[in-house]
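Please read the structure below before turning to the comments.
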Amino acid sequence: IFLPLIKNDLLVCRDFKLNKKTDIKMDSIVLYGKEDELLDLDELKKWKDYSNCIEIIGFEGKHLYIENSENKKKICEMLFILPDTWYASF
């Protein structure tokens, strides 16, 4: 069930070329696993250079932190809170 998702993630990583001209015109919230060995937090913070990054939120776990049931619950709750008030409750 996860193989198509992982395949698509890898294709994006392979094909996407980020440059200083890239500008994602949308609000974004960046989520990550705090114990992800593949993650460079300084690189992750660069999302603020390319989008209206509202917040960067770390969850307990590695790269697939979303498999943790508590993390799933928190993320689902975030999706149902109004965009202009969600960050005040976490």
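Just so you know, residue 1 is the first one in the sequence shown, and it goes up from there.
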Handout entry: Single-linkage hydrophobic cluster, 4.5 Å side-chain cutoff, L64 and Y32 together
Key = no
Problem - Evaluation steps, side-chain contact (heavy atoms from CB on, under 4.5 Å), between I56 and K48 - result: CA-CA 9 Å; I56 298 174; K48 292 182 178 190; 4.0 Å; yes
Exercise for the section: Would you indicate whether the side-chain heavy atoms of M78 and L31 approach each other to under 4.5 Å? Expected result: yes
Exercise for the section: Determine whether I66 and F59 make a side-chain contact, defined as any pair of heavy atoms from C-beta on separated by less than 4.5 Å. Expected result: no
Practice task
State whether the side chain of E35 and the backbone N or O of G61 hold a donor-acceptor pair below 3.5 Å, judged by distance alone.
Solution key: yes
Completion exercise
Here the gap from L39 atom CG to E37 atom CD, rounded to the nearest 0.5 Å, amounts to 10.0 Å
Problem - Sidechain N-carboxylate O distance under 4.0 Å for E43, K46 - result: yes
Handout entry: Shortest non-hydrogen contact between D42 and D40, atoms and distance
Key = N-OD1, 3.0 Å
Practice task
Find the distance between CG (D36) and NZ (K62) and round it off to the nearest 0.5 Å.
Solution key: 9.0 Å
Problem - Note, K74 side chain near I57 side chain (heavy atom, < 4.5 Å) - result: no
Practice task
Taking N71 for its side chain and Y65 for its backbone only, find out whether a donor-acceptor pair lies under 3.5 Å.
Solution key: yes
